[in-house]
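A quick note: this is a predicted structure, and the numbers were derived from the prediction, not measured. Note that the numbering runs from 1 along the sequence shown for the chain.
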Amino acid sequence: MTSTDLLVDAFGRIREVVHEAVGGLSADELAFRADEEANSIAWLVWHLTRVQDDHIADVAEIEQVWTAQGWVDRFGLPLDPLDTGYGHSIDDVAAVRVTSAKLLAGYHDAVCDQTIDYVRTLTDADLPQIIDEAYDPPVSLGVRLVSVLCDDMQHAGQAAFLRGIVERRR
C-alpha cells in the first residue's frame, strides 16, 4: 500500500461518514442545533466540504468545485462565494440552511471525487514539498493533506453525533 492509497482510503471514509450523517434528514433536521450557539449538521458538513474544496484546489492549482461546478448557485447561501465557514459567527452558522441532504451529499461527493483524482496523481516524493512558508515550521503537502483529513473527520463525527440527537428527538 502506498501513501496515495492511504489518502484515497481516508478521504473515502470521510465520504461514508458524511453520507451516514445526512442521509434521509429533512431540511429542518439538517438545521438542528443543540443550542443557539452550536453548529448545525448542515453547517458542519458544508464547512468540512468547503475547507476540503478550498485546500485541495489550492494545492492542485485548480478551481474549486464550489464555483466551477455551480454548487455556489445551487446552495444560494447569503455568504461570500469563497467563504469556507472559518471564523463564522452564530448568525453566519444559522444562515447555512440547505434544502436537502441530497444537496449536501452531492457537493461533498463532487469534492471528494476531485480530491481523489488529485491525490492519485501524487507520489511519496511529492508529500514533503513545502507549500506554505507562512507557518513555522513551513507546511508540506503531506501535512496539509493530513490536516484536511483530521479537520474533516472531526466535523463529520460531530455531524454524526448531532444526527443521533435528532433521531432520539423524533
Side-chain angles (χ1 to χ4, degrees), residues 7-120 144-145 147-170:
L7 292 166
V8 167
D9 182 71
F11 281 110
R13 288 174 190 238
I14 292 167
R15 181 192 322 234
E16 291 170 10
V17 175
V18 163
H19 278 262
E20 290 170 4
V22 304
L25 295 180
S26 69
D28 286 340
E29 290 170 325
L30 291 166
F32 170 77
R33 296 164 76 182
D35 66 39
E36 65 184 31
E37 294 185 23
N39 296 324
S40 67
I41 296 168
W43 185 89
L44 287 162
V45 171
W46 170 82
H47 169 64
L48 76 86
T49 307
R50 287 294 299 122
V51 168
Q52 182 177 332
D53 192 6
D54 174 76
H55 287 28
I56 297 302
D58 183 52
V59 297
E61 299 179 343
I62 54 179
E63 186 176 353
Q64 294 180 25
V65 169
W66 184 244
T67 53
Q69 296 181 17
W71 291 98
V72 64
D73 296 325
R74 284 181 249 179
F75 275 71
L77 300 176
L79 303 170
D80 181 284
L82 295 181
D83 195 336
T84 63
Y86 182 77
H88 267 190
S89 69
I90 295 167
D91 292 335
D92 294 332
V93 171
V96 177
R97 289 197 52 101
V98 298
T99 56
S100 70
K102 185 177 178 181
L103 180 69
L104 271 174
Y107 173 49
H108 185 79
D109 286 345
V111 170
C112 189
D113 289 344
Q114 180 161 287
T115 299
I116 288 171
D117 287 347
Y118 168 68
V119 167
R120 284 193 170 128
R144 177 62 46 86
L145 293 172
S147 175
V148 171
L149 284 165
C150 288
D151 188 60
D152 281 3
M153 191 54 81
Q154 288 181 52
H155 288 320
Q158 292 165 352
F161 175 79
L162 285 175
R163 181 194 178 97
I165 294 173
V166 166
E167 289 176 341
R168 291 180 68 140
R169 296 168 55 106
R170 285 182 178 161

Value rounded to 0.5 Å, distance of [atom1] in [X] from [atom2] in [Y]:
X: Ile116; Y: Arg15; atom1: CD1; atom2: CZ; value: 5.0 Å
X: Glu16; Y: Cys112; atom1: CD; atom2: SG; value: 9.5 Å
X: Asp117; Y: Ile56; atom1: CG; atom2: CD1; value: 11.5 Å
X: Asp28; Y: Ser40; atom1: CG; atom2: OG; value: 11.5 Å
X: Ile62; Y: Gln64; atom1: CD1; atom2: CD; value: 9.5 Å
X: Leu104; Y: Thr49; atom1: CG; atom2: OG1; value: 7.0 Å

If you compare all heavy atoms of [X] against all heavy atoms of [Y], which two are closest, and at what distance to 0.1 Å?
X: Ala60; Y: Tyr118; result: CB-CD1, 3.4 Å
X: Ala110; Y: Val65; result: CB-CG1, 3.7 Å
X: Ala159; Y: Val45; result: CB-CG2, 3.9 Å
X: Val22; Y: Ala101; result: O-CB, 3.0 Å
X: Arg97; Y: Ala27; result: NH2-O, 4.1 Å
X: Ala156; Y: Val18; result: CB-CG2, 4.4 Å

Are side-chain heavy atoms of [X] and [Y] found at a separation under 4.5 Å?
X: Asp53; Y: Gln69; answer: no
X: His55; Y: Thr84; answer: no
X: Trp71; Y: Arg74; answer: yes

Treating [X] as the side-chain partner and [Y] as the backbone partner, does any N or O pair qualify as donor plus acceptor under 3.5 Å?
X: Arg163; Y: Leu25; answer: no
X: Trp66; Y: Leu82; answer: no
X: Asp109; Y: Gly106; answer: no

Check: Would the number of heavy atoms belonging to other residues, nucleotides or ligands and lying under 6.0 Å from CZ of Arg13 be above 12?
Finding: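 At most 12 heavy atoms, drawn from other residues, nucleotides or ligands, come within 6.0 Å of this atom.
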Checklist line | Pairing residues for Asp83 by the side-chain contact (heavy atoms from CB on, under 4.5 Å) criterion, not counting sequence neighbours | finding: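 Trp46, Leu79, Asp80, His88.
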Next item on the list: Give the C-alpha distance, both sets of side-chain angles, the deciding distance and a yes or no for side chain to side chain contact (heavy atoms under 4.5 Å, CB included) between Ile41 and Glu29.
Entry: CA-CA 8 Å; Ile41 296 168; Glu29 290 170 325; 5.9 Å; no
Check: Which residues satisfy the salt bridge (charged side-chain N to carboxylate O under 4.0 Å, His left out) test with Asp91, sequence neighbours excluded?
Finding: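 None.
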Next item on the list: Please determine, by modelled atom types, if Arg50 and Tyr86 share a side-chain donor-acceptor pair under 3.5 angstrom.
Entry: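 No, no side-chain donor-acceptor pair sits under 3.5 Å.
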Item checked: Evaluation steps, side chain to side chain contact (heavy atoms under 4.5 Å, CB included), between Leu7 and Leu149 -> CA-CA 9 Å; Leu7 292 166; Leu149 284 165; 3.7 Å; yes
Check: Between His155 and His47, what is the ring plane arrangement, given parallel below 30°, perpendicular above 60°, and tilted in between?
Finding: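 If you compare the ring of His155 with that of His47, the planes turn out perpendicular.
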